[in-house]
Structures are given as C-alpha cells and as structure tokens.
Novice: 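Would you mind keeping the following structure in view while I ask a few things?
Lettering of chains follows the sequences in order, A, B, ..., and the numbering in each one begins at 1.
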Amino acid sequence: MTSPPATPPAKKLGLVIDLDTCVGCHACAVHCKEWNTGGYHAPLTDLDAYGAEPDGVWFNRIHSYDVDTGNGGPSQTVNFPRSCLHCDDAPCVTVCPTGASYKRTEDGIVLVDEDMCIGCKLCSWACAYGAREFDVDVGVMKKCTLCVDRIYNETLDEEDRLPACVSTCPVSARHFGDLADPESDVSKLVAARGGYDLMPEMECAPTNKYLPPREKRDRFSAAPIELETASPEGGFLGWLDRVLSD
Amino acid sequence: MHPAYSIIFFTTASGLGYGLLTIASVFLLLGLIPAERWYGVTVMVLGGGLVAAGLLSSTFHLGHPERAWRAVSQWRSSWLSREGVMAILTYIPVGLVALGWVIFETGSGLWGIAALFSALGSVVTVYCTGMIYASIRAIPRWYSPWVPINYLALALATGAVWFDMVSRLFDVASVFSAGLAAVSLILAWGCKSAYWRSIDTAVPVATAESATGLGALGTVRVLEQPHTSSNYLQKEMGFKVARKHAQKLRKLTRLLVFMVPFVLVLVTLGTDGTLARIAAVLASLSVAVGVVVERWLFFAEAQHAVTLYYGNSSV
C-alpha cells in the first residue's frame, strides 16, 4: 500500500497557486481549518488556543517573503501559501512502515488513514515541504486531503465541490483541477504563466504548481522623488527660502 | 532535527547490542571463546536485552505504541518497516545461539549455523537503522552513504569494547577481543571523521530561492512568519541548540568514543588482572556515554529542507 501506484494516476488532482495575486490574507488557511476540523481529519487540534503559546494543526501556512531584487530598487513582497503538493513520487508515502500513508490511484491524492497510523512521524521528516503536521493530542499524523470530502460530496451544490481554500480565496489566487489533462483550465494556466515545481532537486514530482509573480511595470521607475529646488534668485519660493534660511 | 531521547537511546542501545551479538556469534563460531554457561548468559542477556530495551524505547516516541505491530507490513518500500522485520527475524537465530551456548554449552555444528545467521541478521538490522535516516532526501546531510556506514562502524566499535569488557570479567578475553576493539575504534573514528568532513564541505542542495521558486526575482528573506508561535514543523525540524555547540560536541565525541576507549583498550592489552578489568569497564562506560553524545549531535546537526521556508538560507 505504501508503494506508489504502479502506473501514474489517470487523473492528477491538485492546486495551482498564483503568487502574483495572493494578498496574504490567510482566508484559505482559516477556511481550511474550519472545514477540516469537522472533516476527514477531525478534529484539527488546537492547544492553548487563546494563551501565550498557541499550537495546533493547520494544513495551510501562509508565508510572506521580502525578495531583494539586488538592483538598489525597492524589494518585492511575495505572499506564499504552503500546503501539500500531492507529489507523484511522494517520499512521505514510501517511508510509512504501516501503510497508513498512501497515494490514491484514481486521482493521485495523498492521504493518511488515521486508524493505521502509529504516529512515528517519519513521513513528516521525509516531506521537504513541511506538508504534514503531527497532532500531539490524537497521536497521529495529519495532512491536507485536497478536501476529498468536499470535491466528491454530492450533498453540496456542484459549484461548491472545490477544496475549501480554493472556494474561499477572495482574489482567486488558488485554482483546482486535473493537472494530468493538458486541456484542463489549470494545465492551460500553468502553460500560459510558466507554472513551476517547488524544490525540483528533491525529485518528488509535485502535482501542485506555483505561478510566479508578474514583472512589475514600475519597478525601475520607482526611484525616490527629488525635492523641488528652490532657486534663491527669484520667485516666491526663492524669497521664502531666503527668509526661512536666515 | 529535534533529537528525541527515545530514538537516541534506541539507536545507540540497539547498535551496541547488535554489535555485541555479532561479535559474540562470530567468536563462538570460530571457537575463539569458550561456550561456557554463565559467560553465555551474560553476553546474550546483555546483547539481547540492550536490543530489546532499544526497540521498546523506540515505541515510546510513537503516537500509538499499541499499533506498533503494523510497522512490519511495508517492508517493500519502508526502511523503518524493514528494520522492524529484521529485528524480529534476528531474534530467532539469536535465541538459538543462546540456547546452544547456555543450555548445551556448545557453539559448533548446527549451533554454529545459528551463530552465523545471528551475526548476519544483526548487521543487516543495523544497516536498516542507518538507512531509515540515509533515505531521507529532505535532510541532505543524512542522504549519504556515510550514514549507514557510520551506524555499522559505531555498532561494531561499541559492541567490540563491551565484548572485550565482558570477556575480561570472565577471564576469557584474548588478544583477539582486545585487538578487535582497538581496530574497530580506529575504523569508526575514520568513518565518523569522513562523515563530518563530508557534511562540512557539502554544497547546499536546496535554498530559500529554490524552495519558493523566487530565485529569478532575487534573494528571498522572511518578511513575516505565517504564525505567531512555533508550530510542529519548527519544533521537530528546526532544532538549533547543538548546532551552536557542534565543534565542542565533536571534540567530546572524539574523546569519549574514540580516544579514551582506545587508550584503555591498549591498557588492557598491556596488563592483566584487576587493572585490565578496571580499564575495560571504564572503556565501556566512556564509549557508551560518548556514542549518546555522537547520536545527539547526529540529529541536532541535521538541517531539514522545511527550515528554508522559515528563514534558513540553504540546506
């Protein structure tokens, strides 16, 4: 069970995350937490939630980076949502000693069967992307399910059958679809915008793709604005400058 | 990486236990030691007990120890599972060796075959332990052939020092047992030095830029962390205390695991009687404490790729 599927999944469901439009509002993380604390991995334990050192399981972590462009100009802020990439060659699956961690053959989603998990944490060590978080209260590993209990959920309206993070994003920075189908909207988006893999050197073949921030039109014209020069020879400003300089 | 005490105890105790069992089995097979009952009881209880205590300790860090039996099912892909399978299988020949040695006071004939398998099984189990760590690409300094080599070399060295100590207490130590201890200490010293050199000169495998894919824009720096207090990832993978003192701890490892036991083993070769026994016991204590420091450092020095998202620049 912990061997990856022998043949690549026919469908590769995943996310495309647009770093150009993400505003870093954390709404995806909050909706994810809200849905999943009642979903497949319920509860997503919080400890000391209102205390000095809150600690708990989240499937989305929204980082903010300051990219120094190195040309003396202003730096660029990039908000960076991080969640499970549902890798094709997922090392978190192959290291699992019990078969609790597995990759679905039908759609490529990587899941943890909580009833089989012994909580050895090795899968979280094997993941370079920090997608898995251990629930110290329940004693098992938890991770993004790509909202497997929403996307196939026939009790929801069809337009709501999306991962919680995608459905809630106010700027549509998160897209969901089949990345194995070159004709899908997400695949076209990746092709058009130069979507890329995170840390390809880890050789995990992530399904999720990230879209780079677009080139800023005014990046190089954003030099500090010079103050108006007040000529001492004449004019009202010259007179004012002379008076105030005395 | 956060050095969990249960895992440090497990890897060092089981390494020492398997080292002891391997050497005792080989010596018994070759007739280098007498198949005497109480000597056998001591060696097998110590070796088997250290392994059992280690395995038991490894279950303490599990979220669900009562499900530990499930861990033997995925030997096709998981080194952790393979280790569990090998540990259980190795108990069969180890038990047979103990039976022959303790009850029938023999290690030859069919009992010798059990000794051969007990030695092989012990070596393979320690190799599996090393591969659990060496198979993790996300921790680039562990993803190295030096890791299983060091697990094997340190199991051999610690086992050899303890084997010589027990043999000396039973007055059956020889130039072979002390000589093996000395040689294996030098071998392990060489392997550990090679590992340290390889991690000190290693080229970064991943960077904050490759982790975010933002390298084309410039240098990536954390503007704001995603959460206000440390999460599981930072606690488990972001351990920094020992890295700060790495050089001091390496010196301590060199002293306690290699230098002190080596000198004391030479003392046992040059003397006999009480002085040799005291030297052998001190060597065993030193190597046991030292290997715990070594293992603690092995974990604490290792940097995980996920730290790149939290402000580390390269791993």
Novice: Any chance CD of A/Glu34 has more than 12 other-residue heavy atoms, nucleotides or ligands included, within less than 6.0 Å?
Specialist: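 Above 12, so yes.
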Novice: To the closest 0.5 Å, what do you measure between OH (B/Tyr143) and CE (A/Met202)?
Specialist: 10.0 Å
Novice: Kindly compute the distance separating OH (A/Tyr65) from CG (B/Leu214), expressed to the nearest 0.5 Å.
Specialist: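 One gets 8.5 Å once the value is rounded to the nearest 0.5 Å.
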Novice: Ignoring hydrogens, what is the shortest heavy-atom contact between B/Ala138 and A/Cys127? Give both atom names and the distance.
Specialist: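 What the structure gives for the nearest pair is CB-C, 4.1 Å.
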Novice: Would you mind checking which part of B/Ala211 comes under 4.5 Å of any heavy atom in chain A, side chain (CB onward), backbone (N, CA, C, O), both or neither?
Specialist: both
Novice: Using heavy-atom distances under 4.5 Å, tell me whether B/Trp142 contacts chain A through its side chain, its backbone, both, or neither.
Specialist: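 Answer is side chain: those atoms of B/Trp142 sit under 4.5 Å from chain A.
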Novice: Taking side chain as everything from C-beta outward and backbone as N, CA, C, O, which of these in A/Pro54 sits under 4.5 Å from a heavy atom of chain B? Side chain, backbone, both or neither.
Specialist: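 Both the backbone and the side chain of A/Pro54 come within 4.5 Å of chain B.
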Novice: Does A/Thr94 use its side chain to pair, donor to acceptor, with the backbone of B/Ser77 at less than 3.5 Å?
Specialist: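 Looks like no, no N/O pair under 3.5 Å.
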Novice: Please classify the contact between A/Arg61 and chain B as side chain, backbone, both or neither, with a heavy-atom cut-off of under 4.5 Å.
Specialist: both
Novice: Check whether B/Ser230 gets within reach of chain A through its side chain, its backbone, both or neither, counting any heavy atom under 4.5 Å.
Specialist: backbone
Novice: Please classify the contact of A/Phe80 with chain B as side chain, backbone, both or neither, using a heavy-atom distance under 4.5 Å.
Specialist: side chain
Novice: How far apart are the C-alpha atoms of A/Arg82 and B/Leu233, what are their side-chain angles, what is the distance that settles it, and do they pass the side chain to side chain contact (heavy atoms under 4.5 Å, CB included) test?
Specialist: CA-CA 13 Å; A/Arg82 182 174 57 80; B/Leu233 298 169; 3.5 Å; yes
Novice: Picking from B/Pro140, B/Ala71, B/Ala4, which has the most non-hydrogen pairs under 4.5 angstrom with chain A?
Specialist: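 Ranked by contacts with chain A, first place is B/Ala71.
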Novice: Do the side chains of B/Glu83 and A/Pro97 get nearer than 4.5 Å, heavy atoms only?
Specialist: no
Novice: So which residue, A/Met199, A/Lys121, A/His26, A/Arg132, ends up with the most heavy-atom pairs under 4.5 Å with chain B?
Specialist: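 Of A/Met199, A/Lys121, A/His26, A/Arg132, A/Met199 has the most heavy-atom pairs under 4.5 Å with chain B.
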Novice: Counting only non-hydrogen atoms closer than 4.5 Å, does A/Cys204 touch chain B with its backbone (N, CA, C, O), its side chain (CB onward), both, or neither?
Specialist: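 Interface part for A/Cys204: neither.
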Novice: Top residue by heavy-atom pair count (under 4.5 Å) with chain B, among A/Ala126, A/Ser124, A/Pro213?
Specialist: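 The candidate making the most pairs under 4.5 Å is A/Ser124.
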Novice: Roughly how far, to the nearest 0.5 Å, is CD of A/Glu53 from OG1 of B/Thr228?
Specialist: 8.0 Å
Novice: Flag the one option from B/Val315, B/Val222, B/Val72 with the top tally of heavy-atom pairs under 4.5 Å to chain A.
Specialist: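 Option with the top pair count is B/Val222.
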Novice: Taking atom OH of B/Tyr5 as the centre, report whether more than 12 heavy atoms of other residues, nucleotides or ligands fall under 6.0 Å from it.
Specialist: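 Result for OH/B/Tyr5: open.
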Novice: How many angstroms lie between atom CG of B/Leu217 and atom CD of A/Gln76, to the nearest 0.5 angstrom?
Specialist: 5.0 Å
Novice: Less than 4.5 Å to any heavy atom of chain A: does that hold for the side chain of B/Leu223, its backbone, both, or neither?
Specialist: both
Novice: Do you know which of A/Asn79, A/Asn60, A/Ile118 has the most heavy-atom pairs with chain B at a distance under 4.5 angstrom?
Specialist: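 Winner by heavy-atom pair count: A/Ile118.
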Novice: In terms of heavy-atom pairs under 4.5 Å with chain A, which of B/Val306, B/Ile136, B/Thr219 leads?
Specialist: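 Among B/Val306, B/Ile136, B/Thr219, the one with the most close pairs to chain A is B/Thr219.
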Novice: Let me see the working for B/Thr207 and A/Glu201 under side chain to side chain contact (heavy atoms under 4.5 Å, CB included), right down to the final yes or no.
Specialist: CA-CA 10 Å; B/Thr207 61; A/Glu201 59 273 27; 5.6 Å; no
Novice: Indicate the ring-plane relationship of A/His63 and B/Tyr309, choosing parallel, tilted or perpendicular according to the 30° and 60° boundaries.
Specialist: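 Taking B/Tyr309 first and then A/His63, their aromatic rings sit tilted (interplane angle of 30° to 60°).
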Novice: Is it true that atom OH of B/Tyr91 has more than 12 heavy atoms of other residues, nucleotides or ligands lying nearer than 6.0 Å?
Specialist: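 More than 12 heavy atoms, drawn from other residues, nucleotides or ligands, come within 6.0 Å of this atom.
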Novice: Give, as side chain, backbone, both or neither, the part of B/Phe60 having an atom under 4.5 angstrom from any heavy atom of chain A.
Specialist: neither
Novice: For the candidates A/Val57, A/Asp197, A/Leu122, which exhibits the highest count of non-hydrogen atom pairs separated by less than 4.5 Å from chain B?
Specialist: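 It is A/Leu122.
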Novice: How many angstroms lie between CG in A/Asp135 and OH in B/Tyr232, if you round to the nearest 0.5 Å?
Specialist: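 If I round to the nearest 0.5 Å, the distance is 11.0 Å.
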Novice: Using side-chain contact (heavy atoms from CB on, under 4.5 Å) as the criterion, point out the one residue from B/Arg67, B/His64, B/Arg70 that pairs with A/Thr98.
Specialist: B/Arg70
Novice: To the nearest 0.5 Å, tell me how far B/Glu236 CD sits from A/Glu133 CD.
Specialist: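 Spacing of CD (B/Glu236) from CD (A/Glu133) equals 11.5 Å.
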Novice: Let me know if A/Leu198 has heavy atoms under 4.5 Å from chain B in its side chain, its backbone, both or neither.
Specialist: both
Novice: Measure A/Ser75 against the heavy atoms of chain B and call it side chain, backbone, both or neither at under 4.5 Å.
Specialist: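 Nothing of A/Ser75, per the 4.5 Å heavy-atom cut-off to chain B.
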Novice: Need one label for A/Val67: side chain, backbone, both or neither, based on atoms under 4.5 Å from any heavy atom in chain B.
Specialist: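 Contact with chain B is through both the backbone and side chain of A/Val67.
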Novice: If I measure from the heavy atoms of chain B, does A/Phe134 come under 4.5 Å with its side chain, its backbone, both, or neither?
Specialist: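 For A/Phe134, backbone and side chain are both near chain B.
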Novice: Sort B/His227 into side chain, backbone, both or neither according to what part of it lies under 4.5 angstrom from a heavy atom of chain A.
Specialist: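 Just its side chain gets close to chain A.
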Novice: Once you measure the plane-to-plane angle for B/Phe299 and A/Trp125, does it fall in the parallel (<30°), tilted (30-60°) or perpendicular (>60°) bin?
Specialist: perpendicular
Novice: Do you know which two heavy atoms are closest between A/Cys96 and B/Gln74, and how far apart they sit?
Specialist: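 Shortest heavy-atom separation between A/Cys96 and B/Gln74 comes out as O-CB, 3.4 Å.
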